[in-house]
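Each remark here refers to the structure printed beneath this line.
Here the structure is a predicted model, which means the values were calculated and not measured. All heavy atoms count here, side chains included; hydrogens, waters and symmetry mates do not.
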Amino acid sequence: MKPILSPRSASHRTATLQSIAEAAGVHRSTAARALDPAQSHRISAEVVHRVQAEAHRQGYRRDAIAASLRTGRSRLIGVVVPDLANPVFAPILDGIGEHLAGMGYSMLVADGGANEASQIKIVEELIARRVDGLVLATAKRQDPVLTVCLDAGIPTVLVNRREDGLRTSSIVTDDVGGMKLAVEHLASIGHRRIGHLAGPNDLSTGVLRRKGFDDAMAAAMLDPSAVVTASEYSRPAGQVATAALLDHWTDLTAIAASNDLLALGALLELKRRGIACPDRISVIGHNDMPLVDMVDPPLTTVNIGHASMGQAAARNLLERISEKNMKPSAVLIAANLIVRASTARPGR
């Protein structure tokens with residue numbers, strides 16, 4: 001006995017691009033463009049609406065594999081981050097995903113870890129899956145992972161971190177300017193003994209934010225010597241670095257951290273020692289990652305423009321995919337100070 005198919009289930013089996021075009025009264029190529037987010041802007045909004053409505057009525061689903069074989073593009077973008085558990089990457093990924101979706105692309109997100117070998121393996125797997133391009137949030141100052149991508153001929157951009165050179169486009173926050181904002185804020189409310197939790201020296205964020213600290217301290221005519229470099233960006237590393245900072249410089253009234261995780265580690269160490277924040281020591285972070293406004297005390301920090309950074313990275317990559325000879329550029333996203341309760345005048 002043959003199964004009885006409802007009109008809806010039947011349409012799922014029979015809907016084709018040709019049937020959509022005929023029902024909408026347009027040419028097949030016009031229907032294809034109307035259903036492609038990257039090309040729909042080329043035809044009138046009325047035609048796009050009519051074709052999309054007909055596709056929805058018939059239950060049409062675009063065959064991504066067939067389209068990939070036909071065009072040579074998968075419309076997939078690989079994004080590699082060093083630690084998916086780090087909240088700072090969530091809004092950056094949101095920005096990337098929002099722009100890609102608007103252009104008809106999807107993203108594959110992978111946790112590359114901190115190890116270069118694992119990052120290279122992840123990148124090779126994404127290339128094997130025929131992604132059209134890659135966004136790397138894992139870059140070191142001299143990055144072997146980027147070398148793999150460029151040798152494979154895959155369009156690639158860097159986000160949040162950059163190389164010392166300019167082998168490909170990088171979209172990062174103004175790390176130097178952001179740390180200057182942090183130090184200027186502390187100096188403006190009366191702090192003169194300010195310590196710095198620096199990021200790792202092999203990462204651009206660590207080196208550039210250290211430069212911003214040194215420059216701002218010099219401009220305020222303050223001693224910039226109270227610096228400890230953290231082994232990694234994590235709360236445990238931040239706590240260890242804070243302990244070393246406080247043991248060596250006992251008169252500090254403020255700490256400027258190279259990122260929020262280090263600042264959270266500083267808060268842990270201050271609490272362990274019974275030092276009140278901000279009454280005795282103020283703490284300021286960097287990144288304004290999600291939820292730092294909910295810690296005790298809410299963290300003063302520097303917002304790095306996560307969503308704008310992600311959107312700019314996706315936009316730059318798609319331009320690079322379309323124009324293979326596009327020259328690399330270094331894009332800086334403005335940083336903004338976010339004042340909360342973890343900073344106050346010294347000795348209040």
Is there a side-chain contact between [X] and [Y] (heavy atoms, below 4.5 Å)?
X	Y	value
Ile333	Val172	no
Gln142	Asp164	yes
Val79	Leu108	no
Leu246	Arg273	yes
Asp151	Val148	no
Leu76	Tyr105	no
Arg210	Ser258	no
Cys277	Ser282	no

Checking [Y] against [X]: is there a side-chain donor and acceptor pair closer than 3.5 Å?
X	Y	answer
Thr173	Asp175	no
Arg320	Thr156	no
Gln18	Thr16	no

Check: [Y] main-chain N/O paired with [X] side-chain donor or acceptor under 3.5 Å:
X	Y	answer
Glu323	Asn325	yes
Asn287	Met289	no
Arg192	Ala187	yes
His196	Ala256	yes
Ser170	Leu166	no
Tyr60	Ser19	no
Ser169	Ser329	yes
Ser118	Asn115	yes
Asp143	Lys140	yes

field: Residues in salt bridge (charged side-chain N to carboxylate O under 4.0 Å, His left out) contact with Lys271, at least two apart in sequence or another chain
entry: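 Lys271 satisfies salt bridge (charged side-chain N to carboxylate O under 4.0 Å, His left out) with no residue once adjacent residues are dropped.
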task: Tell me, please, which residues at least two apart from Arg340 pass salt bridge (charged side-chain N to carboxylate O under 4.0 Å, His left out).
output: Asp288
Work out which heavy atom in [X] is nearest to a heavy atom in [Y]; give both atom names and the distance.
X	Y	value
Val157	Ala313	CG2-O, 3.7 Å
Pro87	Pro290	O-CD, 3.3 Å
Ala21	Ala31	CB-CB, 3.9 Å
Pro224	Asp214	CB-OD1, 3.9 Å
Arg193	Trp249	NH2-CD1, 3.5 Å
Ala263	Leu299	CB-CD2, 3.9 Å

Would you call [X] and [Y] a salt bridge, using N to O less than 4.0 angstrom?
X	Y	result
Arg28	Glu22	no
Arg141	Asp202	no
Glu269	Arg272	yes

Could you grab the distance from atom [atom1] of [X] to atom [atom2] of [Y], nearest 0.5 Å is fine?
X	Y	atom1	atom2	value
Gln239	Leu268	CD	CG	5.0 Å
Ile281	His191	CD1	NE2	10.0 Å
Leu317	Asp132	CG	CG	8.5 Å
Ile194	His185	CD1	NE2	10.0 Å
Leu197	Thr242	CG	OG1	4.0 Å
Leu332	Arg162	CG	CZ	7.0 Å

Quick check on the hydrophobic clustering: are [X] and [Y] connected, directly or via other members, by side-chain heavy-atom contacts under 4.5 Å?
X	Y	result
Ile304	Leu208	no
Phe89	Leu261	yes
Phe213	Ile189	no
Val183	Val339	yes
Leu222	Val283	no

message: side chain to side chain contact (heavy atoms under 4.5 Å, CB included) for Val88 and Asn259? Distances and angles first, verdict last.
response: CA-CA 10 Å; Val88 74; Asn259 87 345; over 6 Å; no
task: Check the surroundings of atom NZ in Lys121: do more than 12 heavy atoms from other residues, nucleotides or ligands lie under 6.0 Å from it?
output: no
task: Using the side chain to side chain contact (heavy atoms under 4.5 Å, CB included) rule, take Asp174 and Val176 through it: C-alpha gap first, then chi angles, then the decisive distance, then the call.
output: CA-CA 6 Å; Asp174 183 358; Val176 174; 4.1 Å; yes
message: For residues 90-105, which residue pairs pass the salt bridge (Lys or Arg N to Asp or Glu O under 4.0 Å) check, not counting sequence neighbours?
response: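 Pairs touching residues 90-105 that pass the test: none.
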Give the table of side-chain donor-acceptor pairs shorter than 3.5 Å for residues 47-55, with sequence neighbours excluded, one pair per line with atom names and distance.
residue : atom : partner : partner atom : Å
Arg50   : NE   : Ala24   : O            : 2.8
Arg50   : NH1  : Glu46   : OE1          : 2.9
Arg50   : NH1  : Glu46   : OE2          : 2.6
Arg50   : NH2  : Ala24   : O            : 3.3
Gln52   : NE2  : Ala34   : O            : 3.2
Glu54   : OE1  : Arg57   : NE           : 3.4
Glu54   : OE2  : Arg57   : NE           : 3.1
Glu54   : OE2  : Arg57   : NH2          : 2.7
Glu54   : OE2  : Gln58   : NE2          : 2.8

query: If you link I, L, V, M, F, W and Y whenever their side-chain heavy atoms are under 4.5 Å apart, who else ends up in the same group as Ile338?
result: none
- line: In short, side-chain hydrogen bond (donor to acceptor under 3.5 Å, both in side chains) pairs touching residues 290-300 with sequence neighbours left out are Thr300-Thr343
field: From CA spacing to verdict: side chain to side chain contact (heavy atoms under 4.5 Å, CB included), Ile321, Ile77
entry: CA-CA 11 Å; Ile321 290 171; Ile77 299 298; 3.7 Å; yes
task: Decide side chain to side chain contact (heavy atoms under 4.5 Å, CB included) for Ile284 and Ile255; before the verdict, give the C-alpha distance in whole Å, the side-chain angles of both, and the deciding distance to 0.1 Å.
output: CA-CA 6 Å; Ile284 186 167; Ile255 296 172; over 6 Å; no
